[in-house]
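Ligands are counted one by one from 1 in listed order, and the atoms in each one are counted from 1 as well.
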Amino acid sequence: MMRAVVLLLLGLVASCRAEFAPPTVNISLDEDPELRWAPLLKVFDVEYLKKAAAEVIDTTVPKWVHQLGKPIVMVLEKYMPQPYAGEIRGLASYLGGDLADVVILNFAYEISAVKVKSSYACVPRFCTSIVAQDKNGHVYHGRNLDYPHPVLRNLTVNVVFHKNGKTLEEAEDFQDAVMRLSKIPIITGVYYIVGGVKAGEGAVITRDRTGPADIWPLDTLYGGWYRVETNFDHWLPPPARDHRREAANKALNATGQDHINLDTLYEASTD
Ligand SMILES: *[C@@H]1O[C@H](CO)[C@@H](O)[C@H](O)[C@H]1NC(C)=O
Ligand SMILES: *[C@@H]1O[C@H](CO)[C@@H](O)[C@H](O)[C@H]1NC(C)=O
Ligand SMILES: *[C@@H]1O[C@H](CO)[C@@H](O)[C@H](O)[C@H]1NC(C)=O
């Protein structure tokens, strides 16, 4: 099964690599769904967003599917549950764009999951994610770009969700967040790479649509000071032509727990 890789950093990011620090936006879940993503417009240029949207659609969705699909998508939109329908409608209105296109964009991953099965060639361009812990108990979290669309590079953003004026909707702490991420039904399989703020708080959750397939936590007492996730279940060997897991493991072994920090992690995840 094809799964996306989602990296979640719980708690505060102490420092970001200086070359490019993505902007941070607060999204309030108390706001009307149609309005809550408006803060994105403060950090991104609308013209650039439109260009990125057009590029992703052009390269992901075949033209005839795109044209043929629009009426179908509009029907789908009627059945999309809240708050997603409202959020998508809001985004379409900020972009002054076509609602069908924004709906399609939100399913670009599911659409490309189908495509990837038939054209394996683009898989190695998907991402590598790492969660690691140094000797002092600091947890680090790194990943490279998930989607094969360079235009998205400039659209990286840190999102802090607020509800009732507080950060993170329901989870009490790291354990609780992992349990929630493991159980909540989702529409397609996914890998969640989760990092917390305290020693030991790191895990890779392999998800099926209905629940967890596997939870793989850091296990520093027994040498498990890092976990690497690419796009394959960690307990299975990756396809022979995909060397990302091996390369990241090698780089991390060479670095060692004594020398892991944001810079060495960056090197390991871009090797
Ligand atoms: C986001 O919310 C925090 C409080 O949680 C506040 O300190 C910060 O200024 C807000 N940032 C923006 C861009 O509104
Ligand atoms: C990202 O933004 C930078 C600076 O604005 C620009 O030079 C670069 O071409 C952009 N990259 C892409 C892939 O659009
Ligand atoms: C990395 O080190 C671990 C623990 O010593 C070892 O099991 C693994 O085979 C090493 N991986 C690579 C690619 O060197």
Exercise. Run through L265, N249, I260 and flag the one making a side-chain contact (heavy atoms from CB on, under 4.5 Å) with Y226.
Key: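 The residue from L265, N249, I260 that satisfies side-chain contact (heavy atoms from CB on, under 4.5 Å) with Y226 turns out to be N249.
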Look only at the side chain of [X] and the backbone of [Y], and say whether a donor-acceptor pair between them is shorter than 3.5 Å.
X: E87; Y: R36; result: no
X: H234; Y: T206; result: no
X: Y191; Y: D233; result: yes
X: R207; Y: I184; result: yes

Quiz item: Can you check side chain to side chain contact (heavy atoms under 4.5 Å, CB included) on V131 and V194, steps first, answer last?
Solution: CA-CA 7 Å; V131 59; V194 200; over 6 Å; no
Quiz prompt | Close approach of K42 to ligand 1, heavy atoms, under 4.0 angstrom | solution =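 Heavy atoms of K42 never come under 4.0 Å of ligand 1.
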Quiz prompt | N26 N/O under 3.5 Å from ligand 1 N/O | solution =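 Yes, N26 has an N/O under 3.5 Å of an N/O on ligand 1.
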Exercise. Determine whether L29 and V157 fall in the same hydrophobic cluster, where Ile, Leu, Val, Met, Phe, Trp and Tyr are linked whenever their side-chain heavy atoms lie under 4.5 Å apart.
Key: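 Cluster IDs for L29 and V157 match.
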Filter the ligand 3-protein atom pairs down to N or O on both sides and distance under 3.5 Å, then list them.
from     : atom 1 : to   : atom 2 : distance (Å)
ligand 3 : 2 (O)  : N253 : OD1    : 3.0
ligand 3 : 2 (O)  : N253 : ND2    : 2.3
ligand 3 : 11 (N) : N253 : ND2    : 3.0
ligand 3 : 14 (O) : N253 : ND2    : 3.1

